[in-house]
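In what follows, a structure is listed as structure tokens, so that the remarks can point back to it.
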Amino acid sequence: MIRTHDAGSLRATDAGATVTLAGWVARRRDHGGVIFVDLRDGSGVVQVVFREDMDAAHALRNEYCVKVVGEVNARPAGNENPELPTGAIEVIVSDLEVLSEAAPLPIPVDDDVNAGDDIRLRYRYLDLRRGGPAKALRLRSKASQIARTVLHERDFLEIETPTLTRSTPEGARDFLVPVRLQPGSWYALPQSPQLFKQLLMVGGMERYYQIARCYRDEDFRADRQPEFTQLDIEMSFVTQEDVIDLGEAIVRNLWKELAGHEIAGPIPHITYLDAMARYGSDKPDLRYGVELTELTDYLRGTEFRVFAGAIADGGYVGAVVMPGGAAQTRKELDGWQDWAKARGARGLAYVVLDAETGEPRGPVAKNLNEAHLSGLADAVGAKPGDAIFFAAAAERREAQELLGAARVEIARRANLIDESAWAFCWVVDAPMFEKTDDGGWTAVHHPFTSPNAEWLDTFESAPDRALAYAYDIVCNGNEIGGGSVRIHRGDVQSRVFDLLGISTEEAQDKFGFLLEAFKYGPPPHAGIAFGWDRVCMLLAGADSIREVIAFPKTRGGFDPLTSAPTPITAQQRKEAGVDAKPVAAAS
RNA sequence: GGUCCUGUGGAGCAGUUGGAGUGCUCGCCGCCCUGUCAAGGCGGAGGUCGCGGGUUCAAGUCCCGUCAGGACCGCCA
């Protein structure tokens, strides 16, 4: 080792020791006759003091990489720095060696200064020298280690699966890789190891996990990158409860050790239908109330066209209350209309309750009859001074989702979110299917998800109501993991394919290998996958998963550091077979 | 594909109703300085106001287009 000690580890008890340190010049304070340098390495910072060989010390600049030999001294009385863990001591330097110099820095390596995203990513290696970004990656490493510990204690096997494969039916666009040896044929990068982990169950591995890189060619968000990581888990001979127990153990340990948060009691379960009814979301943020109220029955018979139309179509009318919302200006209330239109709604009807009298006012109030108006506040649980927002649609979910989004926005604007709180829940009993635009059905989770016991024999009779053994775990309104019990019976799988309109030929073509494997005694199995970037983001208190990824991409899929993606040469293009005609027509 | 925000020395930002190539903090370079810890003092360098077009007597400022970064919707578990 080049050094004998870690800079950040030195304490008063080390006084008198001669140490060799290696690290970077974090800051220097040049007084002419004495020079102080904050020397930083992976463990922290210590003050080193130069009193001789001043020319060399004077020439030091920020982020020079240096080695120093010196003696640890207690700082002179009154000069201790209680802000620093090493603040009781300093290292009096007897020998300085510059290991490498640093050019003037394109971004400040300083915990207190945050540069823009693109320049930070372009010089990510400098960005990572800062406390925050470094801490985020260290936390991620610990999170993975904690998960591995939990899983190994339970006899799980860590198994790698291919990243050059054929596409799995997750619904997203695939990233494709041309195949030189078979021009015209392409690999897909996996959207998840879904089918492979099921094959591992058929293979008798019984308990599998993998911290798996996944790829989806869709647009970005703050919590979405084109390549991302899942903690992927699958178990044989288990029920939904077993998987939930395991998932809970992982989450419990993570939050206890990395967030200092003890999750009290079992994580509550809420059914998908309940979550939609009460929160207008399949990933409800339970840090605050502001629940939705259904008014379909209450408002039956209204002459207000918007509501009457939805009710007549067998739809839904509902409301959500904004505490104190009556104090909003006309402009703010109009702003909600723009907000609603921005997410594709026609608008957001509202009634405000006068702060003094509780009298309902606003454009919608004029359209409601006396009976509906007088009982409204009680029906939705509103007080004088509140605002009531309404949504109505023939499609229940559409209206609920608008109210759910409004609920989140209300909490934000009215400052109802306790940022220090952690609120978890399992959303269970997810629907199996949802309607497609062309009138067919598509799997909500994926086509291998098992109907629950109640619907196993009858899901075809009411696909819109059929429920699955599918579950998501939600933290503060973020879906951090999800999974399901898989279908292991060929007959059930065939019926699901039939309902989804997937022909035998098509099924055979897309995942015949899985169906074939399922001929040979597949065990009942179930699993879960955690969005590892999101989990780490939450634990790190970051507001983007980019903060917990070593080298993330920008929104356009661009890596400012390497400038990827790049065009390829004509030679590469020819060799890759990008332009080759496929041998057989794709289905 | 759509809506919105941002773009001004190396970094972060300010720049009024359009009015002289504008400024602040940090950094950088030089000098001074023996107890600082965001050290301090003096001096200095550094700019195509993202790019292109338009309106105007006059554009960092207004309009159109475009590029880049970000937030959201669509999309995506």
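Convention: sequence-line order gives letters A, B, ...; per-chain numbering from 1. No hydrogens, no waters, no symmetry mates; every other heavy atom, side chains included, goes into these values. Predicted model, so just to flag it, every value in this text is computed and none were measured.
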TODO: Look at the side chain of A:A172 and decide which nucleotide, out of B:rC76, B:rU36, B:rC28, has an atom nearest to it.
DONE: B:rC76
- [ ] May I have the distance from A:N114 (atom CG) to B:rA38 (atom P), rounded to whole angstrom?
- [x] 19 Å
- [ ] Measure distances between side-chain N and O atoms of A:D118 and base N and O atoms of B:rG70, and say whether any donor-acceptor pair falls under 3.5 Å.
- [x] no
Open item on the list: Does A:E409 reach a base, just sugar-phosphate, or nothing at all? Heavy atoms under 4.0 Å.
Closed with: nothing
- [ ] Could you tell me whether A:Q225 contacts a base, only the sugar-phosphate backbone, or nothing, with contacts defined as non-hydrogen atoms closer than 4.0 Å?
- [x] nothing
Open item on the list: Determine whether the aromatic ring of A:H31 stacks with the base of B:rG40, defined as ring centroids separated by less than 5.5 Å and ring planes inclined by less than 30°.
Closed with: no
TODO: Determine the interatomic distance between P on B:rU25 and the same-named atom on B:rG43; round to the nearest Å.
DONE: 13 Å
Open item on the list: What is the separation between atom CZ on A:R129 and atom C1' on B:rG27, rounded to the nearest whole Å?
Closed with: 16 Å
Open item on the list: Could you tell me how far apart A:D338 (CG) and B:rC73 (C1') are, to the nearest whole angstrom?
Closed with: 14 Å
- [ ] State whether the distance check finds a donor on one side and an acceptor on the other, under 3.5 Å, for side chain A:R224 versus base B:rC76.
- [x] yes
TODO: Take the angle between the ring planes of A:F497 and A:F511 and call it parallel below 30°, perpendicular above 60°, tilted in between.
DONE: parallel
Open item on the list: Can you tell whether the side chains of A:R29 and A:D38 come within less than 4.0 Å, N to carboxylate O?
Closed with: yes
Open item on the list: Using a strict threshold of under 4.0 Å (side-chain N to carboxylate O), is an ion pair present between A:E227 and A:K553?
Closed with: yes
Open item on the list: What is the separation between atom CG on A:D543 and atom C1' on B:rG70, rounded to the nearest whole Å?
Closed with: 11 Å
- [ ] Starting from C1' on B:rA39, measure out to NE2 on A:H58 and report it in whole angstrom.
- [x] 15 Å
Open item on the list: Using a 4.0 Å heavy-atom cut-off, does A:P106 contact any base of the nucleic acid, only the sugar-phosphate backbone, or nothing at all?
Closed with: sugar-phosphate
TODO: Calculate the interatomic distance between A:E218 atom CD and B:rC73 atom P; express it in whole Å.
DONE: 14 Å
- [ ] Please tell me which of the listed nucleotides, B:rA71, B:rC75, B:rU36, lies nearest to the side chain of A:A222?
- [x] B:rA71
Open item on the list: When the C1' atoms of B:rC72 and B:rG41 are compared, how many Å lie between them, rounded to an integer?
Closed with: 50 Å
Task: Base partner of B:rA71, which must satisfy Watson-Crick or wobble distances under 3.5 Å - done: B:rU3
Open item on the list: Closest approach to the side chain of A:P108, judged atom by atom: which nucleotide of B:rA77, B:rC28, B:rA11 is it?
Closed with: B:rA11
Open item on the list: Starting the side chain at C-beta, find the nucleotide from B:rA71, B:rU36, B:rA77 nearest to A:R216.
Closed with: B:rA77
Task: For B:rC37, the Watson-Crick or wobble counterpart (both distances under 3.5 Å) - done: none
Task: OP1 or OP2 of B:rU36 under 4.0 Å from side-chain N/O of A:R29 - done: no
Task: Note: A:R330-A:D334 ion pair, threshold 4.0 Å (strictly below) - done: yes
Task: Short side-chain to backbone donor-acceptor contact, A:Q493 and A:P447, under 3.5 Å - done: yes
- [ ] Mind calculating the distance between CG (A:D219) and C1' (B:rA71) to the nearest angstrom?
- [x] 13 Å
Task: Any donor-acceptor N/O pair under 3.5 Å between B:rA77 base and A:H445 side chain - done: yes
TODO: Check whether the side chain of A:R221 and the base of B:rG74 form a donor-acceptor pair under 3.5 Å.
DONE: yes
Open item on the list: Heavy-atom nearest nucleotide on RNA chain B for A:D472 versus A:N79: which residue maps closer to 5'?
Closed with: A:N79
TODO: Give a yes or no on whether A:F558 atom CZ has more than 12 heavy-atom contacts from other residues, nucleotides or ligands under 6.0 Å away.
DONE: yes
- [ ] Look at all strands and tell whether A:G482 reaches a base, only sugar-phosphate, or nothing, counting heavy atoms closer than 4.0 Å.
- [x] nothing
Open item on the list: Less than 4.0 angstrom between a side-chain N/O of A:R555 and OP1 or OP2 of B:rA68, yes or no?
Closed with: no
Task: Watson-Crick or G-U wobble mate for B:rG10, both contacts under 3.5 Å - done: B:rC26
Task: Whole-Å distance separating the CZ atom of A:F220 from the P atom of B:rG1 - done: 14 Å
Task: Nearest listed nucleotide, side chain of A:I107, among B:rA11, B:rG70, B:rC72 - done: B:rA11
Open item on the list: Using atom P in both nucleotides, what's the gap between B:rG46 and B:rG52 to the nearest angstrom?
Closed with: 23 Å
- [ ] Would you classify A:R28 as touching base, sugar-phosphate or nothing, given that sugar-phosphate means primed atoms plus P, OP1 and OP2, and contacts are heavy atoms under 4.0 Å?
- [x] sugar-phosphate
Open item on the list: Under a 4.0 Å threshold between the charged nitrogen and the carboxylate oxygen, would A:D30 count as salt-bridged to A:R28?
Closed with: no
Open item on the list: Does the structure show a Watson-Crick or G-U wobble partner for B:rC62, both distances under 3.5 Å? Name it, or say none.
Closed with: B:rG54
Open item on the list: Please compare A:L105 and A:S544 by the position of their nearest nucleotide in RNA chain B and report the one closer to 5'.
Closed with: A:L105
Open item on the list: Using a 4.0 Å heavy-atom cut-off, does A:V444 contact any base of the nucleic acid, only the sugar-phosphate backbone, or nothing at all?
Closed with: base
Open item on the list: For a quick check of understanding: with a heavy-atom distance under 4.0 Å over all strands, which category does A:D282 fall into, base, sugar-phosphate or nothing?
Closed with: nothing
Task: Any N/O donor-acceptor pair, A:D38 side-chain to B:rC37 base, under 3.5 Å - done: no
Task: Pair A:R40 + A:E63: basic N to acidic O under 4.0 Å - done: yes
- [ ] Would you indicate what A:R546 reaches in the nucleic acid, counting non-hydrogen atoms under 4.0 angstrom: base, sugar-phosphate, or nothing?
- [x] sugar-phosphate
Open item on the list: Given B:rA11, B:rC37, B:rA77, identify the nucleotide with an atom nearest to the side chain of A:A115.
Closed with: B:rA11
TODO: Please evaluate the base of B:rC29 for a donor-acceptor partner in the side chain of A:R61 within a cut-off of under 3.5 Å?
DONE: no
